[in-house]
Peer 1: 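Got a structure for you, written out below as structure tokens; questions coming shortly.
Residue numbers run from 1 in the order of the sequence given. Because the structure is a prediction, the values reported are computed rather than measured.
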Amino acid sequence: MSDYNPSRDDFAALLDESLHGREMLEGQVVHGLVVGIEKDFAIVDVGLKTEGRISLKEFGSEAANIKAGDTVEVYLERVENAMGEAVISREKARREEAWTRLEVIFNKGEPVMGTIVGRVKGGFTVDMDGASGFLPGSQVDIRPVRDIAPLMGKEQPFAILKMDRPRGNIVVSRRAILEEARAEQRTELVGQLAEGEIRDGVVKNITDYGAFVDLGGIDGLLHVTDMSWKRVSHPSQVLNVGDSVRVQIIKINPDTQRISLGMKQLQSDPWDGVEAKYPVGGKFSGRITNITDYGAFVELESGVEGLVHVSEMSWTKKNVHPGKIVSTSQEVDVVVLEVDAGKRRVSLGLKQAQNNPWDDFLAKHPIGSTIEGEVKNATEFGLFVGFENEIDGMVHLSDLDWNVAGEEAIAKYKKGDIVKTKVLDVDVEKERISLGIKQLGGDPMTGDTFKKGQNVTVTVTEVTSGGIEVKFGEDDAPMSTFIRKSDLSRDRNEQRVERFAVGDRIDAQITNVDKAARKVSVSIKALEMASEKEAIEQYGSQDSGASLGDILGAALRGQTKE
């Protein structure tokens, strides 16, 4: 018998150390010894003179092989419960093992094997040998999967995207594994391809800008512009999904591994020798394929289109949308204006294939001829007169009337009036026709039409306080002038404007002609004085004893007899 007899303080210290050791193990995975099997539970000794119970269900597939004497790892939640037993869990131990293992895998960036076991909101549950992870629906496959059933319960690799041990969250992805495998496969396949190589493929998908062609495990893009030499509005006009096609590899981008394909490159280029086929000035037939705000495209042959600019569409229709002149699919005749084979451009003219209406006008109405037309517009600088073939000519203000000012002369005309004009000039290149109205009658200021001392009959057009406005000469080229009050009569008592009315016809004499100013002055007084002088010379003088009244009376009687 030992002489050692511990004191009360020593016993308390040993007890504290024992309890502290127990508390340190709580919340950890410990080794336990199966000491017995009772019904559906395994009795496990976890040391510290403590045993606990674990349901056999927690052992999963191992439950059938568990027997007394086996060593198992269990999770120690609490050393003693109210019944003095340890609270332990095999399932939590497996989970802790799995988390530790998965953290190593996650840090290395390696895939982990798992099984999709159930569906949850937004995705699926994946079991990874004891640890449960979340698989979002977007991470199941590269493309949306309609039926997930074939993937359920099947062990397969997953990539761990995120781990949060305190919260117990693990997010995994099947798509990342597929993309990595696909990238490796794509790199291998791209290495087997070469630019310029011709391959057979199958159309997998069609978009607005082209079609994706499967070349045997790798896709290439066949752009819409590389499908045909002719204009293609949409890829569906040429291809359908599932079509087998022969394509040429145009370009391989080593960085992005994108493959550009072409179909038209396997056909002869219709632009080869285009300058010889469509020489400048040549006239050809084509079909309108597209209409824009700036013109219309005409297909001369499959793959060769030319542009008719809006300015080359019509001789007469200016500032009109091309769609109002031509329509899609319309057959038209065009003339080649310019060819640029390098830029694959052909400029065409639609109006050049038709007769120039200004040439036709000049042929029918040579300069100096008279033509009748309708006033289309009256502007501040002249009249626009319309003729056949929708062409206009202009009468300038200065060519309206010989004697009346332009502003006053143009007031005589209104839109819709039919007027007779004379062709003064036709500029075919500038598409201008100059007309004149006053030229229909001779210029009254030329030659000796009006001379000083000439007697004329005038018509009163206006009566004012200072005199009268009159006109005289030919009806198609009348002259206008003003007779001052002092020139209305030789007799001062008769110089009254009240004696005259608009429309009165009066004899007068021209007193001055200013051709430079285009002005003719007339006077009634001058005519009376001239008549008096003539009468005196013919019938006598005041020296012979006859009075002026007698002389004038005799002169008047003589004029009456005449």
Peer 1: Under the side-chain contact (heavy atoms from CB on, under 4.5 Å) criterion, do Asn169 and Phe134 qualify, and how do the steps go?
Peer 2: CA-CA 8 Å; Asn169 293 334; Phe134 174 64; over 6 Å; no
Peer 1: Decide side-chain contact (heavy atoms from CB on, under 4.5 Å) for Gln237 and Met227; before the verdict, give the C-alpha distance in whole Å, the side-chain angles of both, and the deciding distance to 0.1 Å.
Peer 2: CA-CA 10 Å; Gln237 294 177 310; Met227 291 182 177; over 6 Å; no
Peer 1: Using 0.5 Å steps for rounding, measure from the NE2 atom of His309 to the OG atom of Ser347.
Peer 2: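 Spacing of NE2 (His309) from OG (Ser347) equals 9.5 Å.
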Peer 1: For Arg101 and Met128, work out which heavy atoms get closest and say how close.
Peer 2: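 Where Arg101 meets Met128 most closely, the heavy atoms are NH2-O, 3.2 Å.
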Peer 1: How close do Val423 and Pro366 get, heavy atom to heavy atom, and via which atoms?
Peer 2: CB-O, 3.8 Å
Peer 1: Can you find a pair of side-chain heavy atoms, one from Arg231 and one from Asn290, that are under 4.5 Å apart?
Peer 2: yes
Peer 1: Determine yes or no for a side-chain-to-main-chain donor-acceptor pair under 3.5 angstrom, with Trp315 supplying the side chain and Asn389 the backbone.
Peer 2: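 Here the side-chain-to-backbone pair does not exist.
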Peer 1: Without hydrogens or angle criteria, can the side chains of Glu305 and Thr289 be said to hold a donor-acceptor pair below 3.5 Å?
Peer 2: yes
Peer 1: For the residue pair Arg174 and Gln156, confirm or rule out a side-chain donor-acceptor distance under 3.5 Å.
Peer 2: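 On atom types as modelled, these side chains qualify, holding a pair under 3.5 Å.
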Peer 1: Determine, stepwise, if the pair Leu348 / Leu307 fulfils side-chain contact (heavy atoms from CB on, under 4.5 Å).
Peer 2: CA-CA 6 Å; Leu348 304 172; Leu307 172 65; over 6 Å; no
Peer 1: Students often mix this up, so state it plainly: with edges at 30° and 60°, are the rings of Tyr278 and Phe284 parallel, tilted or perpendicular?
Peer 2: perpendicular
Peer 1: Measuring from atom CG of Asp392 to atom NZ of Lys376, what distance do you get when rounded to the nearest 0.5 angstrom?
Peer 2: 7.0 Å
Peer 1: Can you find a pair of side-chain heavy atoms, one from Trp358 and one from Thr316, that are under 4.5 Å apart?
Peer 2: yes
Peer 1: With no hydrogens and no angle check, is any side-chain donor or acceptor of Ser327 less than 3.5 Å from a backbone partner on Gln330?
Peer 2: no
Peer 1: Between Glu301 and Lys230, is the closest basic N to carboxylate O distance under 4.0 Å?
Peer 2: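 Salt bridge absent between Lys230 and Glu301.
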Peer 1: Do you know which of Val172, Val171, Leu161 makes side chain to side chain contact (heavy atoms under 4.5 Å, CB included) with Pro136?
Peer 2: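 With Pro136 as partner, side chain to side chain contact (heavy atoms under 4.5 Å, CB included) holds for just one option, Val171.
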Peer 1: To the nearest 0.5 Å, how far apart are CD1 in Ile160 and CD in Glu103?
Peer 2: 9.5 Å
Peer 1: Stepwise, does the salt bridge (Lys or Arg N to Asp or Glu O under 4.0 Å) test hold for Lys318 with Glu431?
Peer 2: CA-CA 12 Å; Lys318 310 295 183 182; Glu431 300 178 355; 3.5 Å; yes
Peer 1: For Val395 and Phe384, run side-chain contact (heavy atoms from CB on, under 4.5 Å): C-alpha distance rounded to whole Å, both residues' side-chain angles, the deciding distance at 0.1 Å, then the answer.
Peer 2: CA-CA 6 Å; Val395 183; Phe384 283 94; over 6 Å; no
Peer 1: May I ask you to say whether Glu197 pairs ionically with Arg199, meaning some side-chain N is under 4.0 Å from a carboxylate O?
Peer 2: yes
Peer 1: Counting only N and O atoms by type, is there a donor-acceptor contact under 3.5 Å from the side chain of Thr292 to the main-chain atoms of Tyr294?
Peer 2: yes
Peer 1: Looking at every non-hydrogen atom in both residues, tell me the closest pair between Ala296 and Met313 and how far apart they are.
Peer 2: CB-CE, 4.0 Å
Peer 1: With distance as the sole test, does Glu374 use its side chain to make a donor-acceptor pair with the main-chain N or O of Ile418 at under 3.5 Å?
Peer 2: no
Peer 1: Has Lys317 got a side-chain atom pairing as donor or acceptor with Glu390's backbone, closer than 3.5 angstrom?
Peer 2: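 No, Lys317 side chain to Glu390 backbone: no donor-acceptor pair under 3.5 Å.
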Peer 1: How far apart are the closest heavy atoms of Val274 and Ala341, and which atoms are they?
Peer 2: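 Taking Val274 first and Ala341 second, the nearest heavy atoms are CG1-CB, 3.9 Å.
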Peer 1: Describe, in one word, how the ring planes of His365 and Phe361 are oriented to each other, choosing from parallel (under 30°), tilted (30 to 60°) and perpendicular (over 60°).
Peer 2: tilted
Peer 1: Are any of the side-chain nitrogens in Asp200 or Arg246 under 4.0 Å away from the carboxylate oxygens of its partner?
Peer 2: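 Looking at Asp200 and Arg246, the cut-off is met.
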Peer 1: How close do Ile148 and Arg119 get, counting heavy atoms only, and between which atoms?
Peer 2: CG2-NH2, 3.0 Å
Peer 1: Grab the two heavy atoms, one from Trp229 and one from Arg344, that are nearest each other, plus how far apart they are.
Peer 2: CZ3-NH2, 2.9 Å
Peer 1: Tell me whether the count of non-hydrogen atoms from other residues, nucleotides or ligands lying under 6.0 Å of NZ in Lys39 goes above 12.
Peer 2: no
Peer 1: For a side chain to side chain contact (heavy atoms under 4.5 Å, CB included) with Val213, tell me which candidate from Leu221, Asp219, Leu222, Val202 qualifies.
Peer 2: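 Single pass found, and it is Leu222.
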Peer 1: Check for a donor-acceptor pair, side chain of Asp243 on one end and backbone N or O of Asn240 on the other, with a separation under 3.5 Å.
Peer 2: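 Checked: pair present.
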Peer 1: Identify the residue among Val332, Asp333, Val310 that makes a side chain to side chain contact (heavy atoms under 4.5 Å, CB included) with Leu350.
Peer 2: Val332
